[in-house]
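Residues: numbered from 1 along the sequence shown. Whatever order the structure lists ligands and atoms in, that order sets their numbers, starting from 1. Any value given below was found using the heavy atoms of this structure, including those in side chains, with hydrogens, waters and symmetry copies removed.
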Amino acid sequence: MGGGFYISKFVGVVGIVFGAGAVATVIALAVVYSQEVAKNEALSPTNGGSTIKPPVTTPGGSTVKPQITTPVIPTTAPSNEPWDKYRLPDTLKPDHYNLTLWPRLTVNAQDLYIFTGNSYVVFQCVKETDLILIHSNKLNYTKWGDDHLAKLSALGSTPAPTIKKSWIQPTTQFLVLELNGKLAVGESYQLDTVFVGELADDLGGFYRSVYTEEGEEKVVATTQMQPTDARKAFPCFDEPAMKAIFHITLLHPPMTVALSNGMEHGQTSFDKTKKMSTYLLAFIVSDYDYINSTNDNVLIRIYARKKAIADGQGEYALNKTGPILKFFEKYYNATYPLPKSDQIALPDFNAGAMENWGLITYRETALLYDPKMSSNSNKERIATIIAHELAHMWFGNLVTLRWWNDLWLNEGFASYVEYLGANEAEPDWNIKDLIVLGDVHRVFAVDALASSHPLSSREEDIQKPEQISELFDAISYSKVPIMYTYLNTFAYDNTVYTDLWDHLQMAVNSTGTSLPTGQTVHSIMNRWVLQMGFPVVTINTTTGLINQQHFLLDPSTAGSWIVPIRWMNTGLVQQQIWLEDKTAIKPEMTVTGNNWILANLNVSGYYRVNYDNTNWERLLVVLSSHHESIPVINRAQLVDDAFNLARAKYINTTLALRTTKYLRSEREYMPWESALDNLDFFYLMFDRSEIYGIMQTYLKYQIEPLFKHFGNITGNWTNVPTGHMDQYNQVNAIRVACSTGIEECQTLTKGWYSQWMKDPANNPIHPNLRTTVYCSAIAAGGAAEWEFGWDQFQAATIAIEADKLRSALACTKQPWLLNKYLEYTLDANKIRKQDATSTIVYIASNVVGQSLAWDFMRDRWNYIFTQYGGGSFSFSNLINGVTKRFSTEFELKQLKQFQADNSEVGFGSGTLAVSQSIERTTANIKWVAENKDSVQTWFTTEVPKE
Ligand SMILES: *[C@@H]1O[C@H](CO)[C@@H](O)[C@H](O)[C@H]1NC(C)=O
Ligand SMILES: *[C@@H]1O[C@H](CO)[C@@H](O)[C@H](O)[C@H]1NC(C)=O
Ligand SMILES: *[C@@H]1O[C@H](CO)[C@@H](O)[C@H](O)[C@H]1NC(C)=O
Ligand SMILES: *[C@@H]1O[C@H](CO)[C@@H](O)[C@H](O)[C@H]1NC(C)=O
Ligand SMILES: *[C@@H]1O[C@H](CO)[C@@H](O)[C@H](O)[C@H]1NC(C)=O
Ligand SMILES: [Zn+2]
């Protein structure tokens, strides 16, 4: 990208579309981008030029039998040696790799699926050393003639030192080579290895996914490297900053397709990659089909099972990828960096999707769409996930975080721009408003816990693979979108942490944007990024006194922020101010009479708002008399703030409950969703107590008009509401009406389901409504309804339909069926490994299944941990999900016992979740003790007397 970037160039293009705040983002990104491009160009690959060829395995060529050796583990290693540290030393830098992998899609004589490989890496010595550490996990090596695990040669004129000792260090996952002499600074060396690994079904590294097509079992060899599993596929310097160029060859049976990051040439090899991080590599062998198109010279392909492609399930993704890519090219002002963009749907995949450069992998549900089977929320998920992953092609892949502590930048940014990209793909959806529900509320909830972590951790705090996995939780994913909306209100936002504050400051200076006196981009942003949590701003409309406090469900720490406050008053006049100190007096924020103030207008800031009682009362009056005066997004926010402020004891719980009273006249999705999300907590706390009954009666009364409304506007449930959010709210109406016992609703759902049971080939239920209708019918039914659902689950030809049934099967009220279902979760032939933990969590969400799931999880912890542990997201979800109802001393005791009993086995990536669960349970116990009586009294008085 010669010619340089000119700031003024971007202002016009982007400013129109996204407002001033986003301009800075783009400028900042462009600057980073240009630096990265310059670096890439400066470092052209050094030519391997080596004459030493590693022993090669050939397809079908059983003549080369590598001698497999068991790794030697030195037992007397002193504990502070370099190989006992998790991070690589700064002595070596990889330049390029030449890697050949051969996955076997059938079992070998030992009944194992394996892959064999040979690889060399050319690296440069940047600091004198007599030690080579390179990551390697669960690989067995063929010994070379000198009896060592690798072969070292020099590319320069000075010969390489010989190897003194070589072994595997399993804890820190290194292949270690001690040398008899020193490597010379500035010299390049080549390290050759020949190895074998298991192509296990463990969803990490190079692994296998299995599915059945036309009665035939088929195996896909595929990869998931992020964060630290590339080392499970081949020895490599497996840290994000260790970028290199990769020459890849995949040996595979005829009639199968091999894919990797680069464009394939010939049957088995691929164009060399750009300079890239190991965690973005991908290797896949399958017998998939694809559909394709081109978008400005970029080849776009969607790969999936043959049947899925034949059924047209890849079409939606193909249709949307081109426009989204174009959008991002404009947004970043940079062309897509690769000649092709492959996206592939995998039957077994742990995360939702992974942004491997040029070969993005997805769960089937995140990529495949069928208008007859997929709901609007499935469609939205596909559009946003595609946008998210494509956004990473630049931000994350081209420009990469230095270490995992800055993950928030990578994920947060992608989580922000995914909405922009999806908005481009589906402009009618108002998708950007959903940021508040989807991400703001989620991260507010997690971030408020004391064991939450600041956005940026210190590099040395994040070392072990399981700690790295923990970072992939809601905080890293969601906090940054808030920062961006926050900055959208005002002026300038951030991108790459600290490095970029400078560039942003330049942008602020050049456009004359006003920051509070004496403050810089550094000073403002560092407070948001480096300290955990967020503030609550309290406005006293009688005195004009405004203050901020650290908002914590369990308040103990202190902190302050520089908060932008946008607000409006009764006259609907909008204004904005900065709150820089802990307190300030703002006379313009005092009101009298029936006048009111509403702050954090359009939820553009990352904070909660509390008011004096009088203003709260006035806002309640507005809600109950003319709620339309308050923007929809703020109605949702008022409810959410009230409930969370009550949790933190800023206001009474009954005040929060009172914000739901006006809902009888609310028809919009966002406030309803916000209220239902918050009432969920009341259900979790009370659905095993006597309060359950009156809560149900109250909610039934509240939802009735909404249910009738949707009956009316859909011609008695025969049409689909036109708006995207209305479609969502229709689902809420049915879900709540049925679960609170509105008879008309139950008759409707049972009728649809039994009609389907009579004629399984013709499902009469609209895809939007299936999840909730299935759940309601299975909950109301017995074994016959459940078994029918199970059969349909197994027969489903699209994962999206299977997923709806899988969640609905957890809705039965029959303990024996729930126990049977729990057993199924650990049988990979029944429930895929990728779905096991979420299925257990579904069961635990059912009040009948709660204790069954908890017993099950405790009982099988050892097994679950070894089978499903490792670097998966779902692991912490499991612990959090199964314990979320915990609210008694007895349950707390059990939880602590569980923690103690399994301290040996461990909790892996769920470690943080265990402490969060204990913390949450303690808070719940306190909350129930303090609120039970008033909640009971409130519902009792509010329940309509029949
Ligand atoms: C990579 O190594 C193989 C031998 O394993 C060799 O045939 C091939 O030419 C090498 N590729 C490059 C780009 O050096
Ligand atoms: C690696 O070696 C160990 C120990 O001999 C063995 O149990 C394991 O099966 C081997 N792995 C493969 C993929 O051959
Ligand atoms: C799609 O792939 C087919 C088969 O390889 C090829 O003939 C066609 O030109 C491709 N279409 C586009 C738009 O690239
Ligand atoms: C994809 O685009 C084509 C051509 O515009 C259209 O006919 C088809 O309905 C679209 N498919 C989906 C699933 O959106
Ligand atoms: C970048 O912006 C310039 C000026 O608006 C435009 O001419 C160019 O096509 C843009 N490049 C990309 C890749 O969007
Ligand atoms: Zn991401």
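The nearest protein heavy atom to atom 7 (O) of ligand 3 is not closer than 4.0 Å.
Scanning both residues, I300 and L325, for their nearest heavy atoms gives CD1-CD1, 4.1 Å. Minimum interatomic distance between P235 and F195 (heavy atoms only, all atoms of both residues): CD-CE2, 3.6 Å. Scanning both residues, R104 and L199, for their nearest heavy atoms gives O-CD2, 3.7 Å. Scanning both residues, P94 and F123, for their nearest heavy atoms gives CA-CB, 3.8 Å.
Residue contact check: S293 has heavy atoms under 4.0 Å from atoms 13 (C) of ligand 3. Short contacts between ligand 3 and L299, defined as distances under 4.0 Å to a heavy atom of the residue, involve ligand atoms 14 (O). Ligand-side atoms of ligand 3 in range of Y290: 2 (O), 4 (C), 5 (O), range being under 4.0 angstrom from any heavy atom. If you number the atoms of ligand 1 from 1 as listed, the ones under 4.0 Å from a heavy atom of Y120 come out as 14 (O).
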| task | Just do the side-chain contact (heavy atoms from CB on, under 4.5 Å) check on L338 and W357 with the steps written out, would you? | result | CA-CA 8 Å; L338 308 177; W357 216 5; 3.7 Å; yes

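To the nearest 10 degrees, the Zn ion (ligand 6) sees NE2 of H392 and NE2 of H388 at an angle of 100°.
Of the N or O atoms in N98, one or more lie within a sub-3.5 Å distance of an N or O in ligand 1.
Looking at D289, D311, D287 one by one, the single match for salt bridge (charged side-chain N to carboxylate O under 4.0 Å, His left out) with K306 turns out to be D287.
Closest to atom 3 (C) of ligand 3 among all protein heavy atoms lies N292 ND2, 3.5 Å.
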